[in-house]
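The structure displayed is predicted, hence computed values, not measured ones.
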Amino acid sequence: MTGQVRTVDGRVAGRRGQATRQKLLDCLSEMLSSSPYRDVKVIDVARKAGTSPATFYQYFPDVEGAVLEIAEHMATEGAQLTSLVEGRTWVGKSGWSAAEELVDGFLEFWRRNDAILRVVDLGAAEGDKRFYKIRMKILNSVTNSLTESVKELQAKGKVDKDVSPAAMAGSLVAMLAAVASHQKGFQTWGVKQAELKPNLALLVHLGITGKKPTR
């Protein structure tokens with residue numbers, strides 16, 4: 001998290017203060033991986049970071065404020081998921097490669113950020129607009145690029161004109177997000193990760209191109 005860092009009261013934090021602030025965020029991220037969001041308290045985060053609650057409050061108004069900062073940083077990283085789709089061709093074998101790489105990148109991003117994404121999903125589901133905007137920032141990056149991909153295929157006569165590019169792209173991204181957040185659950189159905197990826201890629205390819213892939 002780069003740029004000028006300020007305390008809650010507006011003072012610019014020095015190098016030592018920035019390091020303390022980042023340590024608090026890192027400790028909070030770690031705690032979210034093992035504890036329910038609602039159970040995380042300021043005193044516990046401060047203790048884990050080797051500092052005091054008073055120091056925590058110099059940099060963040062509360063736990064939620066710190067969580068939102070972690071989530072914003074994650075969303076900025078998530079916006080780069082668009083690179084998995086932009087400029088890709090969905091014709092022939094290249095289409096299958098595009099579908100595989102999109103699925104791989106999406107699932108990996110969700111695994112890497114599982115803890116904070118669970119908090120974002122919870123906040124969005126409860127109607128918190130701040131968390132909702134963060135969630136949509138991640139999903140929009142892929143949805144917009146996939147929408148353009150479908151439009152390009154339609155312009156070339158390779159996808160039926162009756163298909164709504166935005167509806168198709170949005171449906172596929174919503175499916176990817178749902179599957180990505182349920183990866184551990186597939187194991188209870190006897191589905192291995194190695195089986196999940198190609199089948200999910202098949203659905204993505206069929207949705208975008210309307211055809212079985214050429215492998």
Glu86 side-chain N/O to Ser83 backbone N/O, donor-acceptor pair under 3.5 Å: no
Lys137 atom NZ: more than 12 heavy-atom contacts under 6.0 Å: yes
Sidechain-backbone polar pair: Gln154 side chain, Val163 backbone, donor-acceptor under 3.5 Å: yes
Shared hydrophobic cluster for Phe186 and Leu203 (ILVMFWY, side-chain gaps under 4.5 Å): yes
Parallel, tilted or perpendicular: ring planes of Tyr37 versus Phe131, cut at 30 and 60 degrees: perpendicular
Heavy-atom side-chain contact between Lys129 and Ile134 under 4.5 Å: no
N-O pairing of Glu100 and Lys197 below 4.0 Å: no
Linked, directly or transitively: Met74 and Val63 (ILVMFWY side chains, under 4.5 Å): yes
Nearest atoms (heavy-atom pairs only) where Leu24 meets Ala49: CD2-CB, 3.7 Å
Straight-line distance of Ser181 OG to Arg111 CZ, nearest 0.5 Å: 13.0 Å
Distance in Å, Ile116 CD1 paired with Leu32 CG, rounded so as to fall on 0.5 Å steps: 5.5 Å
Atom of Val120, atom of Ala71 and distance for their closest heavy-atom approach: CG2-CB, 3.8 Å
Cluster overlap Val179 with Leu206, hydrophobic side-chain contacts below 4.5 Å: no
Ser94 and Thr89 side chains, donor-acceptor separation under 3.5 Å: no
Distance, nearest 0.5 Å, that separates CE of Met168 from NZ of Lys151: 14.5 Å
Derivation and outcome, side chain to side chain contact (heavy atoms under 4.5 Å, CB included), residues Leu107 and Gln193: CA-CA 10 Å; Leu107 295 185; Gln193 190 73 15; 3.7 Å; yes
Hydrophobic cluster membership, Val204 vs Val191, 4.5 Å side-chain cutoff: yes
Intermediate values then yes/no, salt bridge (Lys or Arg N to Asp or Glu O under 4.0 Å), Lys192 and Glu195: CA-CA 5 Å; Lys192 297 176 182 176; Glu195 297 170 320; 5.8 Å; no
Pro213 vs Leu202 side-chain heavy atoms within contact, under 4.5 Å: yes
Gap between atom NZ of Lys41 and atom CE of Met31 - 0.5 Å precision: 10.5 Å
Flag, side chain of Ser149 to backbone of Ser145, donor-acceptor distance under 3.5 Å: yes
Min side-chain heavy-atom separation Thr209-Val150 under 4.5 Å: no
Heavy-atom closest pair, residues His205 and Trp96: CD2-N, 3.6 Å
Separation between CD of Glu72 and CD1 of Ile70, rounded to the nearest 0.5 Å: 11.5 Å
Trace of the side chain to side chain contact (heavy atoms under 4.5 Å, CB included) decision for Trp90 with Leu153: CA-CA 8 Å; Trp90 290 84; Leu153 289 171; 4.0 Å; yes
Pairwise side-chain contact, Val142 with Leu102, heavy-atom cut-off 4.5 Å (strictly under): yes
Sub-6.0 Å ring centroid separation between His182 and Trp189: yes
Working for side chain to side chain contact (heavy atoms under 4.5 Å, CB included), residues His73 and Glu69: CA-CA 6 Å; His73 180 72; Glu69 176 137 352; 5.9 Å; no
Polar contact flag, side-chain donor to acceptor under 3.5 angstrom, Glu148-Asn144: no
Tyr132 atom OH, over 12 foreign heavy atoms within 6.0 Å: no
Under 3.5 Å: donor-acceptor pair, side chain of Asp39, backbone of Ser35: no
Close side-chain approach of Arg88 to Glu101, heavy-atom, < 4.5 Å: yes
Hydrophobic cluster membership, Val91 vs Ile208, 4.5 Å side-chain cutoff: yes
Any side-chain heavy-atom pair of Val40 and Val67 under 4.5 Å: no
Ionic contact status for Arg118 with Asp121, cut-off 4.0 Å: no
Worked check of side chain to side chain contact (heavy atoms under 4.5 Å, CB included) between Leu84 and Phe106: CA-CA 9 Å; Leu84 297 169; Phe106 212 95; 5.6 Å; no
Closest contact, heavy atoms only, Ala66 versus Leu25: O-CD2, 3.7 Å
Glu152 and Lys156 ion-paired at < 4.0 Å: no
Ile138 vs Leu117 side-chain heavy atoms within contact, under 4.5 Å: yes
Leu139 vs Leu176 side-chain heavy atoms within contact, under 4.5 Å: no
Residues Ser52 and Thr55: side-chain donor-acceptor under 3.5 angstrom: yes
Taking every non-hydrogen atom, the tightest pair across Ser141 and Ala79: CB-O, 3.5 Å
Reported CG-to-CZ distance for the pair Asp44 and Phe56, which is rounded to 0.5 angstrom: 11.0 Å
